[in-house]
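All remarks here apply to the structure that follows.
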Amino acid sequence: MVRAHLLELAGDRRGAAELFRAASRATASLPERHHLAIRAARLAGPGADAD
């Protein structure tokens with residue numbers, strides 16, 4: 001998750017979204033899974049290729 005956050009800060013929305021999705025699949029915590037999936041969806045949404 002740290003790498004995903006750093007990629008997001010660096011402007012790599014696509015890379016960050018991929019890592020957030022992977023983290024979402026890897027966690028057993030349903031609230032955390034939901035949070036990470038939403039974060040990935042926001043990054044992959046409109047403007048994701050605007051870097």
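Keep in mind it's a predicted model, so treat the numbers as computed, not measured. Heads up: numbering here begins at 1 and tracks the sequence.
Note on V2: it clusters hydrophobically with L9, by side-chain heavy-atom contacts below 4.5 Å among ILVMFWY residues.
Taking 4.5 Å as the limit, every side-chain heavy atom of H34 sits out of range of all side-chain heavy atoms of L30.
Within a 6.0 Å sphere centred on CZ of R42, heavy atoms belonging to other residues, nucleotides or ligands number 12 at most.
Under the salt bridge (Lys or Arg N to Asp or Glu O under 4.0 Å) criterion, the residue pairs touching residues 23-40 are E8-R39, with sequence neighbours excluded.
In this view, L19 and R3, A4, L7 satisfy the side-chain contact (heavy atoms from CB on, under 4.5 Å) rule, not counting sequence neighbours.
Between S24 atom OG and H35 atom NE2 the span is 10.0 Å, to the nearest 0.5 Å.
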